[in-house]
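These notes concern the structure reproduced below.
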Amino acid sequence: MTPITPTPSRKQIAPLLAGLSMFGPFAIDTMFPAFPRMAEDLHTTAFGMQQTLSVYMIAFAMMSLLHGPLSDALGRRRIILGGVAVFVLASIGCASADSIAELLVYRAVQGMSAGAGMIVGRAIIRDCFDGAEAQRLMSTVSMIFGLAPALAPIVGGWIITFARWPMIFVFLAAFAALVWFGCLLLLPETHPPARRTPLSVRAIAGTYRTIARDPVFPPLVLAGTLGFNALFVYISSAPAFVINLLGLDEQHFAWLFIPAVGGLMFGSFLSGRMAGRLSGQATIATGYAIMLLASLVNVSVALLLDRPQLPWSVLPIGLHSTGIGIAFPSLTLILLDRFPGIRGGASSMQAFVSLVMSAIIAGVISPLVSGSAIGLAATAASITAVGFLAWRLYCLVARRFPPVCV
């Protein structure tokens, strides 16, 4: 297949797409070290602070249903520039909030805009490249993106050491503004008018009916979502895990996030090396085998130790992340290739399912299980096992149904 016009180089767009995908983890993880101080200043509880994650992710999920179809109809570049600009303004609003209610409103606006770059960026990759080249670019973006969850809590910890928590959101606004200017100058339009779909409620509804009716979509999207959601159990429980269970302070969130992100980056690197050498299915099977092994080790460590200890309690998290990094690029590309005419819509649906599950984990499951190491480990292992079963179901069902052409 010939790359679709125009064809930017991987080196040109990989940093831009990675920067766009960083908004999500930065908007979540940078806040973690500041939770206690924010709760005190805003006169709220730990549960109230947990809802700043849930509100953000629910808004992210709901709006994600529109980002992809809008980019299919109006072009990729326009939606990205508009979404990033709104994120900048919302971050400034968060910095100025003086009550938990006001903060939740601006967090919702942040969530509504943050997904534009990540969702549309995935469609851009598949617009321009095919096969092993697409997998290499997806892996490169994932590897650069992997820096965000490691850097975010470290940056947040240092910011609140020298300034008040609103500076965290000033930092987010500045970062987003920098990415916006980079996209304005360097990001081309990769979805020309001849390939665009009509913009209407009926057309968008038709896109999602097509995706939802595909019998291959449910197991495939679950296989691509649940592996990361198992890791998100720990990410959303980071304050409790790091401060309460490991007994560390606000400047030591790196003990959780560096193994998690290091694994993601290493796995993404391996995925890029596997491109063209192993099939997508073999790459995904390898990734899930590593995730299942990591889950077994994690549960065993939690059972054997009286309380979490370094480094043993974080090493299985890094191993699990390596499996995610190996499997996720191929899972995403397989999903996009199921719907070649509506890739933006397919990317939106993938993000929607993932974010709804993440919101449930952050708002409901995490508060229930974050009080114990075995609760976290068993929950993450259960989610991983269901994801693997979904992958096996996809392998059986996909043989009977060809890709959906629109």
Side-chain angles (χ1 to χ4, degrees), residues 12-34 38 52-53 55-64 66-68 70-71 75-97 102-124 141-142 144-160 163-189 257 261 347-348 351 355 358:
Q12 175 186 346
I13 64 170
L16 290 176
L17 298 182
L20 290 167
S21 67
M22 284 180 175
F23 291 164
F26 259 114
I28 294 172
D29 302 340
T30 314
M31 293 174 56
F32 285 149
M38 292 176 69
T52 64
L53 302 181
V55 165
Y56 171 86
M57 286 185 289
I58 290 171
F60 196 134
M62 298 306 296
M63 191 62 191
S64 71
L66 293 179
H67 288 313
L70 285 173
S71 76
R76 316 295 191 207
R77 177 181 160 89
R78 187 181 303 178
I79 301 305
I80 285 177
L81 290 174
V84 176
V86 172
F87 185 88
V88 172
L89 297 176
S91 299
I92 295 172
C94 289
S96 66
E102 189 177 354
L103 179 62
L104 290 175
V105 170
Y106 285 118
R107 286 288 286 171
V109 179
Q110 266 193 326
M112 291 173 65
S113 57
M118 179 188 75
I119 294 165
V120 180
R122 291 174 185 170
I124 287 175
V141 170
S142 297
I144 301 173
F145 152 79
L147 289 171
L151 292 176
I154 298 172
V155 170
W158 282 108
I159 288 175
I160 64 168
R164 294 180 64 245
W165 62 263
M167 286 303 298
I168 290 175
F169 294 103
V170 173
F171 164 77
L172 291 175
F175 172 71
L178 180 64
V179 174
W180 187 88
F181 278 109
C183 291
L184 181 69
L185 296 174
L186 300 174
L187 186 67
E189 176 56 66
F257 285 93
V261 174
S347 183
S348 280
L355 287 160
S358 295

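- Arg76 and Ser71 form a side-chain donor-acceptor contact under 3.5 Å, judged by distance and modelled atom types alone.
- In terms of heavy-atom proximity, Tyr56 sits nearest to Ala27 at OH-CB, 3.5 Å.
- The shortest side-chain heavy-atom distance between Arg77 and Leu184 falls under the 4.5 Å cut-off.
- In this structure the side chain of Thr52 reaches within 4.5 angstrom of the side chain of Met31, judged on heavy atoms.
- Between Ala114 and Phe60 the shortest heavy-atom distance is CB-CE1, 3.8 Å.
- Proximity of Trp180 to Phe87: side-chain heavy atoms (C-beta onward) are nowhere separated by under 4.5 Å.
- Between Ser91 and Leu172, the shortest heavy-atom distance links the atoms OG-CB, 3.9 Å.
- Taken to the nearest 0.5 Å, the CD1 atom of Ile58 stands 9.0 Å off from the CE atom of Met62.
- The minimum heavy-atom distance linking Thr30 with Pro33 is given by the pair O-CD, 3.4 Å.
- In this structure the side chain of Phe169 never reaches within 4.5 angstrom of the side chain of Ile92, judged on heavy atoms.
- The closest side-chain heavy-atom distance from Leu20 to Cys183 is below 4.5 Å.
- A 4.5 Å side-chain heavy-atom check between Cys94 and Gln110 finds at least one atom pair inside the cut-off.
- Atom CE of Met112 has 12 or fewer heavy atoms from other residues, nucleotides or ligands within 6.0 Å.
- Atoms CG and CD1, on Leu16 and Ile80 in that order, are 9.0 Å from each other to the nearest 0.5 Å.
- No side-chain heavy atom of Met38 sits less than 4.5 Å from a side-chain heavy atom of Ile168.
- Annotation for Phe175: atom CZ counts as buried by contact number, over 12 foreign heavy atoms lying within 6.0 Å.
- Closest heavy-atom contact between Ser96 and Glu102: O-OE2, 4.1 Å.
- Taken from CZ in Arg164 to CD1 in Ile159, the straight-line distance is 13.5 Å, to the nearest 0.5 Å.
- Smallest separation of non-hydrogen atoms from Gly83 and Ala116: CA-CB, 4.0 Å.
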